[in-house]
Amino acid sequence: MKYRDVLIAEITPEMEGKEVRVAGWVHAVRRIGKLVFLILRDFTGTIQVTFRIPKDADDETKEKYKQIIKLVSSLSLESVVMIRGVVKRDPRAPRGVELLGKEIVVLNEAKSPLPLDVSGKVDAHIDTRLANRPIDLRRPESQAVLRLMSLATKTIRNYLYDLNFVEVFTPKIIASGTEGGAQLVPVFYFGKQAFLAQSPQLYKELLTSSLEYVFEIGPAWRHEESDTPFHLAEFISVDIEMAFADYNDVMKVLENVIKRVSDAIRDEGKRWLDIIKHEPLEVKLPIPRITYKEAWEILKNEGFDLEPGEDFGTPELRKLSEVLEKEGKTSGGFYFIVDWPADVRPFYTKRGKKDVIGGKEIDLSESFDLNWKHLEISSGSTRIHKRKELEEELKKRGLNPESFEWYLRWFDYGMPPHAGWGMGLQRLMVPMAGIQNVRLASTFPRDMKRLIP
RNA sequence: GCCGCGGUAGUAUAGCCUGGCCUAGUAUGCGGGCCUGUCGAGCCCGUGACCCGGGUUCAAAUCCCGGCCGCGGCGCCA
């Protein structure tokens, strides 16, 4: 069966008189006497289909249309239908154009009532929405977030390809934790204990010794006890790693990624932004950099009780971003915190200079976080490319270099200096699509309490 | 894991503080009716709910206790 020969958005008043087939979902039905309007929706939009009895029809035709009108007015919302109709220019119709219905085929009748309202008259809690995600995603505002994320992904890919990066896919089933710390997801693997990758970190580093400029957009798993609007047990990580580069080089790549994504969303994503009523960000380059030391001092001034070299929590970052915003030291809400204390960064982070913070000498590192307001969007660093230094860092963190031998041994055979970053894609959509919860930037989010749907 | 708030038809809400007038209101949906230009159509009739267990009381949606579930904040989180 031929279901459609045009998409709904392609129907224009200029097609007056043309017969077309469209397929989609029954978005609304309005019956006015012997006249019935059906609003049909596909992924491109909606169109009004009018069913009426032709005035000059013979009795047989009249009876046929009566049957159709009866059928249409009893259709349940969200039923799937194919409609054959004639395009009619009409100022009374919503887009100045409608279809005069000739035939309707019900492809799948929907049960009612629906678990949530698709037409947008009654809103639903996030829990209801996620529990009924396949139907929730029929709402344009729900779909808009995923469409904007797709646009962001395309933009990132295109830009990195332009910079001679190669897209890679590293293993997602791994033998042991890459860095310790985060809670791993265990899996069985041919009778052995294995885990789902929490990051492509170590593999992407190894690839800099061959492919040099690599990136990956893929899933990562963390079983943290983190039950917040900004954590997922399964999230999409955008990772790059660059040979012969340091953290300043990769920060430049990162800020260009942010700039290009926000520009693309503002321009190409306008239709979806309008649907969710979100104002696009204005990101200007460079994105301001503030050192950890400066941030620490600001927070100390604001009355936070912080040890020198201590990591920042959410309340700290909320305050810090508020201060920076006030001083105009953010760009569309984004800012870098650079030169973190080495001790609060992972073992593969290259050490930098020393500095005195709060009267105490602290070993810094060539590292950065990119934040948007209080939210950590990305973090990265120059990496250590000397085996000996890696071994020392592992030991300092109580990790056993032997269990990292599969990774360390390749540093003996020509590992170049390199740097990179990782970015949470769903977190990036918080500023880009104005969502309050990263779950909304996930098709079927996995979190501490959701495994279905 | 800790703290706070919440749980009323399919969905979203009012009622709870100050127990009785709740036979639990409204919107949307659903069933039926009227209407040939609606566009969140309108109007009329109907349908459907107090998370679970215990307690207080003459009387509990309402107050108390426990549980379960949800949301937010924090913690945890290269």
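Proteins get letters first, then strands, A, B, ... in listed order; numbering begins at 1 in each.
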Pair Lys350(A) + Asp246(A), salt bridge at N-O below 4.0 Å |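 Looking at Asp246(A) together with Lys350(A), the answer is no, because their closest N to O distance does not fall below 4.0 Å.
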
Ionic contact status for Asp363(A) with Arg345(A), cut-off 4.0 Å = no

Can you tell me, in whole Å, how much space there is between the [atom1] of [N] and that of [M]?
N	M	atom1	answer
A14(B)	A59(B)	P	29 Å
C52(B)	U47(B)	P	23 Å
U56(B)	A49(B)	P	29 Å
C45(B)	A61(B)	P	28 Å
G42(B)	A27(B)	C1'	15 Å
U13(B)	A24(B)	C1'	13 Å
G29(B)	C21(B)	P	31 Å

Whole-Å gap separating P (U13(B)) and CG (Leu116(A)) = 13 Å

Does [N] have OP1 or OP2 sitting under 4.0 Å from an N or O in the side chain of [X]?
X	N	value
Lys449(A)	C71(B)	yes
His125(A)	U13(B)	yes
Lys121(A)	G29(B)	yes
Thr228(A)	C74(B)	no
Asn437(A)	G72(B)	yes
Arg95(A)	C39(B)	no
Thr128(A)	A12(B)	yes

Value rounded to 0.5 Å, distance of NE2 in His385(A) from CG in Leu390(A) | 10.0 Å

Looking only at the side chain of [X] (C-beta and beyond, no hydrogens), which of the listed nucleotides [options] gets closest?
X	options	answer
Val122(A)	G37(B), A27(B), C35(B)	A27(B)
Pro113(A)	G37(B), C74(B), G29(B)	G29(B)
Glu224(A)	C71(B), U11(B), C77(B)	C77(B)
Glu225(A)	G75(B), U36(B), U28(B)	G75(B)
Pro229(A)	G72(B), G75(B), G37(B)	G72(B)

Aromatic centroids of Phe404(A) and Phe347(A) separated by under 6.0 Å =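 When the ring centroids of Phe347(A) and Phe404(A) are compared, they turn out to be within the sub-6.0 Å range.
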
Identified side-chain hydrogen bond (donor to acceptor under 3.5 Å, both in side chains) partner of Arg383(A) from the options Glu205(A), Glu241(A), His418(A) |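 Testing each of Glu205(A), Glu241(A), His418(A) against Arg383(A), the sole residue satisfying side-chain hydrogen bond (donor to acceptor under 3.5 Å, both in side chains) is Glu241(A).
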
When only distance counts, do a donor and an acceptor, one from the side chain of Ser226(A) and one from the base of C76(B), lie under 3.5 Å apart?
-> yes

Can a donor-acceptor pair under 3.5 Å be found between the side-chain atoms of Glu98(A) and the base atoms of G37(B)?
->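 Donor-acceptor pair under 3.5 Å: yes.
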
Name the nucleic acid region contacted by His231(A), choosing base, sugar-phosphate or nothing; use a 4.0 angstrom heavy-atom cut-off, strictly under.
->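 The answer is base, as His231(A) lies within the cut-off (heavy atoms under 4.0 Å) of a base atom.
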
Only one of Phe368(A), Trp340(A), Phe336(A) clears ring pair (Phe, Tyr, Trp, His ring centres under 6.0 Å) with Tyr292(A); which?
-> Trp340(A)

